[in-house]
Amino acid sequence: MPTTQQQKLVHTFSALADIGQEVAHKNNFQEMIHTSLHLLLGSLAIMRGGVARYSRFGHELNFLAVRGLGDDFPLSASLEMSDEREFLNTGMSDIEISQAKMLAFFQRYQRILERKNIELIMPLIVRDELVGMVFLGEKASGEHFNSSDKAIIQAMARHIGVGIHQRNLMAELARRAEENRKLYEDMRMTYQDTVKAFATAIDCKDKYTEGHSVRVGKYSEIIAQELGWSDEEIEGVAVAGYLHDVGKLTVERNIINAPYRINAKESAELNKHPAVGFEILSPIHHPYTDVPLAAKYHHERLDGRGYPDGLKDNEIPYIAKIVNLADSFDAMTTDRPYKRRRPANEVIEDLRRNAGKQFAPELVTAFCNGMLKELTGESKNRQFRRLLGREYMEAEGIVPLLKQALNGMDATSSLTFVASH
Amino acid sequence: MNTNLDIPVRSEGEIATVFASDYLNKISGEKIERECKRQIDAGCTTLVVNFKDTEIVNSIGVSILLGVIDAASNNGTEVIFSEVNEDTEQLFEMLGLTNHVKIQE
């Protein structure tokens with residue numbers, strides 16, 4: 001049979017072990033504090049008590065758990081700076097209520113603390129920071145707290161303090177993460193706005209193709225959506241579309257706006273714009289990959305007859321293939337100085353005929369699918385109608401033509417996609 | 001005898017007996033505390049907590065019982081702990097709970 005002293009030690013040490021477990025493993029902070037208070041009171045049979053968290057900003061103690069203190073006990077209490085300093089000077093050791101009378105805090109709450117038989121208070125200090133306080137009433141035995149009791153209380157209170165400190169750190173971490181998220185969102189918006197401003201600047205140079213870059217961005221976005229890309233990837237390809245013609249900023253305005261088919265010399269000058277675009281975009285740290293490559297290679301063709309490098313199929317970056325399709329589609333569907341826009345049926349036929357020659361077939365499939373979904377109402381988007389005009393899009397025979405084009409296209413010819421994306 | 005929220009309770013006139021579970025921890029303890037307070041509020045003059053099935057009372061159990069004692073004291077209700085095993089009785093004595101309750105066979 002263990003002696004009383006041994007049994008007492010076992011009882012208190014098991015409470016100490018339990019409180020350590022509680023603080024280390026409980027995910028529910030409120031429950032952890034509540035259970036810890038139970039363990040603290042039960043280890044020494046203390047009739048009543050409470051655990052409060054200290055808010056440095058509000059200089060306020062907020063009770064997280066109370067037992068036996070009644071409904072009239074205030075659940076928050078303010079601290080003076082002098083109180084905080086005094087507690088930090090005292091460190092994490094108990095303050096008997098009889099010795100606390102010089103504290104402004106005690107003077108303010110003396111009546112209620114005495115009425116509730118609070119005998120001991122213990123500031124919870126972690127890393128030189130006051131994180132909370134423990135308030136303890138009388139022992140069931142009626143005895144005063146001895147040095148052994150105080151050592152046990154101090155050890156248990158230390159665990160509770162660490163638990164509160166961890167919670168504070170987590171809350172601070174969450175707050176900063178949210179702040180960073182907002183900051184990132186702001187930066188992303190700024191980037192997007194800048195990109196759109198650039199696109200507008202590019203398009204301003206060409207009075208006939210006003211809005212071209214923005215439309216190429218939108219069409220590229222539609223293709224990426226149809227391919228099931230992530231939001232971030234879709235944003236990236238849209239940006240690539242907006243900026244694909246940035247190199248045109250250095251091309252003479254009279255070449256861009258020539259109301260005739262330009263000559264070989266002028267064509268050579270104009271054909272420099274992909275490489276110049278790459279040079280402009282490369283030094284910029286884009287949040288998305290391959291934006292400069294899309295500018296450089298958006299005039300390459302699968303059959304190698306494109307420019308500037310005559311790349312073939314898998315040599316062409318995938319993003320450039322998307323922008324190429326979007327760019328060509330916009331060129332065919334808008335008026336040019338020397339050429340009227342082509343009817344939708346002709347354009348769709350052109351896409352189908354050039355799948356595998358100029359365009360990656362799976363991209364043509366994706367693009368036509370997007371168009372068909374909008375026309376049949378499967379998709380609620382009205383992007384094509386907005387970009388091309390309702391009348392143009394709803395021309396007779398478009399839906400059957402799209403279906404025919406999709407049927408004729410080898411849906412499995414997506415080796416290019418798999419290999420290069 | 002009836003059961004309320006898994007806690008067996010017996011009422012005979014103004015005496016209510018609440019039967020504690022085998023291990024008085026937080027989950028079972030809080031149910032017992034609620035039931036005891038319900039009996040106190042209902043006006044019983046003597047509250048018996050029966051420990052015949054209870055093998056272990058940990059610190060949480062002690063805290064719960066202190067809550068019961070405090071609530072009973074505020075209402076002038078007498079508290080009796082019955083059929084307490086030897087180890088638990090020794091624990092109650094050592095911690096001073098026996099200053100507030102009677103221990104009965």
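Labels below follow one simple rule: chain letters A, B, ... track the order of the sequence lines, proteins then strands, and each chain is numbered from 1.
With a 6.0 Å radius and a threshold of 12 heavy atoms from other residues, nucleotides or ligands, Asp128(A) has its CG atom at or below the threshold. No more than 12 heavy atoms of other residues, nucleotides or ligands sit less than 6.0 Å from atom CZ of Arg111(A). Counting heavy atoms of neighbouring residues, nucleotides and ligands inside a 6.0 Å radius, atom CD of Glu232(A) does not exceed 12 of them. With a 6.0 Å radius and a threshold of 12 heavy atoms from other residues, nucleotides or ligands, Arg56(A) has its CZ atom at or below the threshold. Within 6.0 Å of atom CG in Asn89(A), more than 12 heavy atoms from other residues, nucleotides or ligands are found, so the atom counts as buried in its surroundings. Other residues, nucleotides and ligands contribute only 12 or fewer heavy atoms inside 6.0 Å of the CD atom of Glu55(B). Other residues, nucleotides and ligands contribute only 12 or fewer heavy atoms inside 6.0 Å of the NE2 atom of His144(A).
The backbone N or O of Gly61(B) lies less than 3.5 Å from no partner atom in the side chain of His38(A), so there is not a single donor-acceptor pair.
Between the OG atom of Ser63(B) and the CG atom of Leu39(A) there is a distance of 8.0 Å, given to the nearest 0.5 Å. Taken from CG in Leu41(A) to CG in Leu66(B), the straight-line distance is 7.5 Å, to the nearest 0.5 Å. Within the model, atoms OG of Ser141(A) and CD of Glu93(B) stand 13.0 Å from one another, a figure rounded to the nearest 0.5 Å.
The two atoms that bring Gly68(A) and Asp70(B) nearest to each other are CA-OD2, 3.7 Å, heavy atoms only.
Residue contact with chain A, scored on non-hydrogen atoms closer than 4.5 Å, is absent for Leu65(B). No part of Leu40(A) comes within reach of chain B, as not one of its non-hydrogen atoms sits under 4.5 angstrom from that chain.
No other option in Met47(A), Arg67(A), Glu143(A), His34(A) has as many heavy-atom pairs under 4.5 Å with chain B as Arg67(A).
Of the options Val57(B), Leu91(B), Asn58(B), a side-chain contact (heavy atoms from CB on, under 4.5 Å) to His11(A) is made by Leu91(B) and by none of the others.
In this structure the side chain of Lys139(A) never reaches within 4.5 angstrom of the side chain of Leu95(B), judged on heavy atoms.
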